Amino acid sequence: MITDKAYRELEEAVGAENVSREPAVLDCYAWQPFANDNPERWVIRPVAVVLPSTTGEVQEVVKALGRNGLKFKAFSTGWGAYSSVTGDDVVQVDLRRMNRIIDIDEKNMFAVLEPYVCGAQLQAEAMKVGLNTHIIGAGPSCSPLASATSGWGVGWDCVYMSYSGRNLLGAEWVLPDGEVLRLGTLGSGLGWFCGDGPGPSLRGIVRGSTGALSGLGIFTKAAVKLYNWPGPEQVRTEGLLLDAQSEVPDRLRFCMCFWPDRARQDEAVYKINESQLCYIFTRTGLGATVSIATPHLMKKLTGAGALKSALTRDLKWGSTLIMVADSDGEMAWKEGVLQEIARQYGGVVVNLTRARPIISMFLMNFLRSTAVPVVFRMGGQMFTALDRNETWDTQMDWAQMGETVKQRWIDRGGILDDMADNPYMTTYEDNCWAHCEEIFQYDPRNPDHLASLEPIFVEFSVEAIERCMEPLSSTDARLRKVISPMMGHYTSWQKKISASVDGNKTADTGMYCDEVDFDLSKIDPVMRKRFEKLIEARTWTEEGPPE
Amino acid sequence: MPLEEGLVFDVMASAYRHGVLDKFMSITGDALDSAILETGRRMGDLVNMLDEATERTVMRANGLLSHAGLLLKLAASDPVMSVASRSLEVNAVRNAVKGLLARRLVKAIEAQAGGGGRACGGV
């Protein structure tokens, strides 16, 4: 509930036309395309929405909310329910009027952005000057500032363009009390080239592993690192998604590699990455690719044993990669190295660049990450199970475990059949470390599917903890309360950080450090026993970790 | 002969080692270009047609593959693949394979388009 007084103060801060408490408008913010699976948990209507257009207006909004006992939750380009409010008396601060690319520094290879700039917009501008930007897996409609400052940040280009939090070179940060903090060189009036210092860096506090998801304030500008793009100023493209047709740059190769078994795949992946061949790299579950590109065909493959076997066993160990080069010599070298690695490990390289119509369709789907939303086609919704980013081997273990768990739920009719092996998997910085999340697809109109989501969430969480990994869905306040005591009581530190910048508790911290009880009584008894055993064995004492 | 696990990979590996896979990708690309030009369709249309393949078509393809063990074993052998590779270096052979592929593609596209037309006409 927002009082008339508080509402008037918001109107004074941004103009009456940029504030609303119309229920129909507010409900538009209460639903986001991803992870809106549980109405009780996610669909909370904000008490108002406010659209500031400058940092000064954001400050005024935050101060007004603090004065009136209300909270804020920032929203840039949306997509996941993570940008929605998590409790009562929260005002959604929609940053869509802050949509400018302020600067692209070609020489020093970075861009300064406002929150509503999206990945596609930045990529198009960066390519004009021979640069490119990291685009996250959620796709090019998402805000690079949001992932750099506030949440996750994996994408197929991480092999070359790293993880969003690592690309943050500076930020303008409106704290929950309305003051502005400028990070790194920006704070010393020296520009945007470095996000750290002077003195101890605050980037760890800003991002942690996941990001505070607006729980520590609102980021109004950020500098993100840009990377080399040796292609044309514009990749001419017509159409969208699977109807896209792009002009393929000469010095670009799009290859699918297949390996005879996991051991040789893993070794080859290390070699490929250490050789710095890739611009895009992802492991390919071929069955999953079929389910995503041709979901109706997928359903007809159920009884087709030989075809399924070819897709899921013979061609199981596959990866997709894009190589680019600044010269013909460099490309020849890369192709030669890839061939040599294929020879060493008995692999197969399918150079799709030779089949022009196919690569023409796929190119921007990978280069701009536009293909990802296609995963919603099969059932209308998807969710994902993440573990901790770690070495490629540990991520492959997670992928194989995920496939086993998923197959059980597919057999029970709890989720859709996508041949189970459907990992969103990539390497960071030439495989310094790697990422795997197991995607599963479901139909939200199917009660059996909806009923399966919570048990699947619990099962994947237990599997992650058993592997001494933080389940990356730890934005869930229930799970956070369970796993924090197993991980050095990390939420107590988050709460101290929160208290130090937000004494008035003006930020919505539901996705950051709040905790609520996890009702374990509703979990399947076998799983509950595993869960309770872990809690008992792994909980830290005051002195430190358990023996 | 039923399909052994790994046989499809073995064929691809042999084709890759002998350069057949690269040659075949180029031929496939040319055939697709030709079929797209002739029918006025786009690659996305072809993917959608594949998506709409009937259960009968899928099971027929599955039946062919599941009984192709002997043929695939033969194809996976180095001597056979070596001959295939040398054959594909001959322009006449390349053009013949490309023409055959393109014709099959056009036929499949037109058949599906015709089927769709009849269905619409019946509504």
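Residue numbers start from 1 in every chain, and the chains themselves are labelled A, B, ... in the order their sequence lines are given, proteins ahead of strands. Owing to the predicted nature of the structure, the values given are computational and were not obtained by experimental measurement. For the numbers below, each heavy atom of this structure counts, side chains included, while hydrogens, waters and symmetry mates do not.
A/Ser309 places none of its side-chain heavy atoms less than 4.5 Å from the side chain of B/Leu3. For the pair A/Arg377 and B/Asp51, the minimum side-chain heavy-atom distance is below 4.5 Å. Taking the side chain as every heavy atom from C-beta outward, A/Asp243 and B/Arg42 approach each other to under 4.5 Å.
Heavy atoms of other residues, nucleotides or ligands lying less than 6.0 angstrom from NZ of A/Lys271 number 12 at most. Other residues, nucleotides and ligands contribute at most 12 non-hydrogen atoms within 6.0 Å of the CG atom of A/Asp250. Within 6.0 Å of CD on A/Glu238 lie no more than 12 heavy atoms contributed by other residues, nucleotides or ligands.
At a 4.5 Å heavy-atom cutoff, the contact between A/Leu352 and chain B is made by backbone and side-chain atoms alike. A/Val349 touches chain B through backbone and side chain together, each having a heavy atom under 4.5 Å away. At a 4.5 Å heavy-atom cutoff, the contact between A/Leu307 and chain B is made by backbone and side-chain atoms alike. The contact between B/Leu50 and chain A is made by backbone and side chain atoms together, counting heavy-atom distances below 4.5 Å. Contacts of B/Asn48 with chain A are made by side-chain atoms alone, with heavy-atom separations under 4.5 Å and no backbone atom involved.
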Show which side-chain atoms of residues 92-107 of chain B pair as donor or acceptor with protein atoms under 3.5 Å away, not counting sequence neighbours.
from, atom 1, to, atom 2, distance (Å)
B/Asn95, ND2, B/Asn91, O, 3.4

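A donor-acceptor contact shorter than 3.5 Å is absent between the side chain of A/Lys300 and the backbone of B/Val58. Between the A/Asp314 side chain and the B/Leu7 main chain, a donor and an acceptor come within less than 3.5 Å of each other.
Interface check for chain A: of the options B/Asp22, B/Thr54, B/Leu21, the most heavy-atom pairs under 4.5 Å are formed by B/Asp22.
Smallest separation of non-hydrogen atoms from A/Pro357 and B/Ile36: CB-CD1, 4.0 Å. Considering every non-hydrogen atom in both B/Asn62 and A/Gly303, the closest pair reads ND2-O, 4.3 Å. In plain terms, the two heavy atoms of B/Ala53 and A/Leu297 that are nearest each other are CB-CD1, 4.3 Å.
Within residues 9-19 of chain B, the residues having any heavy atom less than 4.5 Å from a heavy atom of chain A are, in residue-number order, B/Phe9, B/Met12, B/Ala13, B/Tyr16.
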